[in-house]
Chemist: 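Sharing a structure here in structure tokens format.
Worth saying up front: this structure is predicted, and the values here are computed from it rather than measured.
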Amino acid sequence: MNPDHDPLLELDDVHAYLGESHILQGVSLTVPRHRVTVLLGRNGVGKTTTMRAVLGLVRRTGHIVFAGSEIGREETHDIVRRGIGYVPEDRDVFHGLTVGENLRLAERRGGRPRYDLVYELFPELKNRAKHLAGTLSGGQQQMLSLARGLLNDNDLLLIDEPTKGLAPVVVREVVEVLERTAGQTTVLMVEQNLAVARRLADHIAVMVDGTIVLNGPATRLAEDDETVRAYLSVESAVSGAGS
């Protein structure tokens with residue numbers, strides 16, 4: 001079966017609100033199963049809100065279908081139990097807890113936490129399991145945030161700007177980990193670094209002012225530098241990830 005015709009997540013005419021602000025203006029998006037879909041757009045266009053709408057963390061209307069089931073009216077805890085993990089922007093680790101405690105808090109009741117996988121991908125976290133998360137570097141905290149998302153056997157992983165604020169050498173480390181994990185689950189990722197997006201993405205969606213204006217194979221969109229500049233207002237070559 002063509003993976004494009006086997007969606008795991010579908011959004012149809014989704015509107016979302018933060019207070020009185022109408023952020024998402026009818027978002028329609030398809031996330032193919034077992035692929036990495038990267039959501040691109042300038043700051044403030046609604047990328048993070050799209051992820052939060054999927055999770056039920058903001059007021060929203062429209063249809064959100066996950067694995068064939070409508071989840072647009074479910075509560076967040078029920079959505080997460082369906083097998084959706086979330087790696088939030090700015091890491092959001094618990095600084096006053098140890099690395100091990102952060103991971104234990106992420107364990108899903110009734111599941112089998114994948115510590116072998118996590119420590120294989122992030123051996124440094126195993127060595128620092130008893131260290132407070134607040135003593136880690138920014139890159140290490142990002143690794144811990146990713147580890148929490150990967151600890152459970154999720155069908156879908158939502159990852160919000162995993163390379164934000166990281167030094168180029170750390171960006172490369174994060175990208176290498178994401179490449180190794182991409183084949184294990186479906187990923188919807190927000191990313192500002194275009195080079196990272198092009199390296200990781202099977203599909204790319206471009207958001208402008210709360211709507212999706214482009215959505216298609218990464219290879220096709222990556223070749224259209226004029227479109228990239230028009231919608232994202234960035235140069236076509238962005239350093240930090242390598243080729």
Chemist: Report whether Leu214 and Val27 are members of the same hydrophobic cluster (ILVMFWY, side-chain heavy atoms less than 4.5 Å apart, transitive linking).
Modeler: no
Chemist: Who are the side chain to side chain donor-acceptor pair (under 3.5 Å) partners of Glu89, not counting sequence neighbours?
Modeler: Lys164
Chemist: Are Ile64 and Leu9 packed together at the side-chain level, in the sense that at least one heavy-atom pair is separated by less than 4.5 angstrom?
Modeler: yes
Chemist: Quick one: which residue pairs count as a salt bridge (charged side-chain N to carboxylate O under 4.0 Å, His left out) with a foot in residues 150-159, not counting sequence neighbours?
Modeler: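 Only Arg114-Asp153 qualify under salt bridge (charged side-chain N to carboxylate O under 4.0 Å, His left out).
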Chemist: Which pairs, with at least one residue in residues 98-129 and sequence neighbours excluded, count as a ring-ring contact (aromatic ring centres under 6.0 Å, His included)?
Modeler: Tyr115-Tyr119
Chemist: With clusters defined by side-chain heavy atoms of hydrophobic residues (ILVMFWY) lying less than 4.5 Å apart, directly or transitively, does Met143 cluster with Leu158?
Modeler: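 Not linked; separate clusters.
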Chemist: Is the backbone N or O of Glu10 less than 3.5 Å from a side-chain atom of Thr30, with the two atoms forming a donor-acceptor pair by type?
Modeler: no
Chemist: Does Ile79 share a hydrophobic cluster with Leu157, counting links as ILVMFWY side-chain heavy atoms below 4.5 Å and allowing steps through other members?
Modeler: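 Per the 4.5 Å side-chain linkage, Ile79 and Leu157 are not co-clustered.
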Chemist: Apply side chain to side chain donor-acceptor pair (under 3.5 Å) to Glu70 and His63, showing your working.
Modeler: CA-CA 7 Å; Glu70 171 67 55; His63 296 287; 3.2 Å; yes
Chemist: Using a 4.5 Å cut-off on heavy atoms from C-beta on, say whether the side chain of Val170 contacts that of Gln142.
Modeler: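 No, too far: nothing below the 4.5 Å cut-off.
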Chemist: Which residue pairs pass the side chain to side chain donor-acceptor pair (under 3.5 Å) test when at least one of the two sits in residues 45-58, sequence neighbours left out?
Modeler: Thr48-Asp160
Chemist: Taking side chain to side chain contact (heavy atoms under 4.5 Å, CB included) as the definition, give me every residue that meets it alongside Ala106, ordered by chain and number, with sequence neighbours left out.
Modeler: Arg148, Leu151
Chemist: Heavy-atom distance under 4.5 Å between the side chains of Met189 and Leu200, does that happen here?
Modeler: yes
Chemist: Linking Ile, Leu, Val, Met, Phe, Trp and Tyr through side-chain heavy atoms less than 4.5 Å apart, which residues share a cluster with Phe94?
Modeler: Leu97, Leu105
Chemist: Would you check if Leu8 and Pro32 make a side-chain contact, meaning some heavy-atom pair closer than 4.5 Å?
Modeler: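 They are not in contact (no side-chain heavy atoms under 4.5 Å apart), so the answer is no.
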Chemist: If you take all heavy atoms of Val93 and Ala133, which pair is closest and at what distance?
Modeler: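 Looks like CG2-CB, 4.1 Å.
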Chemist: Suppose clustering is done on Ile, Leu, Val, Met, Phe, Trp and Tyr with side-chain heavy atoms closer than 4.5 Å. Which residues sit in the same group as Val65?
Modeler: none
Chemist: In plain terms, say whether Arg180 and Glu120 are close enough for a salt bridge, that is, a side-chain N and a carboxylate O under 4.0 Å apart.
Modeler: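 Judged by the 4.0 Å cut-off on N to carboxylate O distance, Arg180 and Glu120 do form a salt bridge.
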Chemist: With a 4.5 Å cut-off on side-chain heavy-atom distances among I, L, V, M, F, W and Y, is there a chain of contacts connecting Leu166 to Leu125?
Modeler: yes
Chemist: Identify which one of Val31, Asp202, Val36 satisfies the side-chain contact (heavy atoms from CB on, under 4.5 Å) criterion when paired with Val187.
Modeler: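 By the side-chain contact (heavy atoms from CB on, under 4.5 Å) criterion, Val187 pairs with just one of Val31, Asp202, Val36: Val36.
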Chemist: Please determine whether residues Ile159 and Tyr86 belong to a single hydrophobic cluster, defined as Ile, Leu, Val, Met, Phe, Trp and Tyr linked transitively by side-chain heavy-atom distances below 4.5 Å.
Modeler: no
Chemist: Drop me the distance from Glu173's CD to Thr163's OG1, to the nearest 0.5 angstrom.
Modeler: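 The distance works out to 13.0 Å.
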Chemist: Can you establish whether the number of heavy atoms outside Asn127 located under 6.0 Å from its atom CG is more than 12?
Modeler: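 It does: Asn127 CG has more than 12 such atoms within range.
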Chemist: Looking at residues at least two apart in the chain, or sitting in another chain, which of them share a side chain to side chain donor-acceptor pair (under 3.5 Å) with Arg104?
Modeler: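 In terms of side chain to side chain donor-acceptor pair (under 3.5 Å), with neighbours along the sequence ignored, Arg104 is linked to no residue.
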Chemist: Would you list the atom pairs, donor with acceptor, under 3.5 Å between side chains in residues 16-24 and any protein atom, with sequence neighbours excluded?
Modeler:
| unit_1 | atom_1 | unit_2 | atom_2 | d |
| --- | --- | --- | --- | --- |
| His22 | NE2 | His15 | ND1 | 2.9 |
| His22 | NE2 | Leu24 | O | 3.0 |

Chemist: Which pairs count as salt bridge (charged side-chain N to carboxylate O under 4.0 Å, His left out) when at least one residue sits in residues 128-142, sequence neighbours excluded?
Modeler: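 Qualifying pairs: Glu124-Arg128.
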Chemist: Under the criterion side chain to side chain donor-acceptor pair (under 3.5 Å), I'd like the reasoning laid out for Gln192 against Asn43: C-alpha separation, chi angles, the key distance, then a yes or no.
Modeler: CA-CA 9 Å; Gln192 291 287 79; Asn43 289 333; 2.9 Å; yes
Chemist: Only one of Val38, Leu40, Val87, Leu39 passes side-chain contact (heavy atoms from CB on, under 4.5 Å) with Val190; say which it is.
Modeler: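 Answer after filtering Val38, Leu40, Val87, Leu39: Leu39.
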Chemist: A quick test of your reading: do over 12 heavy atoms of other residues, nucleotides or ligands sit less than 6.0 Å from CD of Glu75?
Modeler: no
Chemist: According to side chain to side chain contact (heavy atoms under 4.5 Å, CB included), who are the partners of Val80, at least two apart in sequence or on a separate chain?
Modeler: Leu55, Thr76, Arg108
Chemist: Could I get the full list of side chain to side chain donor-acceptor pair (under 3.5 Å) partners for Arg82, not counting sequence neighbours?
Modeler: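 Arg82 satisfies side chain to side chain donor-acceptor pair (under 3.5 Å) with Glu74 only.
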